[in-house]
Amino acid sequence: MEQPLFGEPYETHDGTTVIPVSRPVGVFAIRDGQAKWEPAVDATRVALLAVGTGLVAATLGGLAVLHRPPWPDLRRRR
């Protein structure tokens, strides 16, 4: 059975009618006869993804430098 695309509308204390939408996730907010789409974005998840990507990049960069340093090899060869 498929989920309905729109949820049950409800009204906030300031008179805005809110209609939840399942795909794409967000809501339609209707205020003073004007409808506005507001996507549901989890800012914490986006920030954690960015920090995690930075940590992985820094770790891989550090491992690459330790494995083969970017400076020339100045040891004497015999």
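Position 1 is the first residue of the sequence, and the numbers go up from there.
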Rounded to the nearest 0.5 Å, what separates atom CG in Leu49 from atom CG in Asp42?
11.0 Å
State, to 0.1 Å, how close Pro20 and Val27 come at their nearest heavy-atom pair, and which atoms those are.
CA-CG1, 3.9 Å
Does Glu11 CD have over 12 foreign heavy atoms under 6.0 Å away?
yes
Just so I know, are the side chains of Val18 and Phe28 near enough to count as touching, which here means a heavy-atom distance under 4.5 Å?
no
Student check: side-chain heavy atoms of Ile30 and Ile19 closer than 4.5 Å:
yes
Could you tell me which residues satisfy side chain to side chain donor-acceptor pair (under 3.5 Å) with Asp14, sequence neighbours excluded, listed by chain and number?
Thr12, Thr16
Hydrophobic cluster membership, Phe6 vs Trp37, 4.5 Å side-chain cutoff:
yes
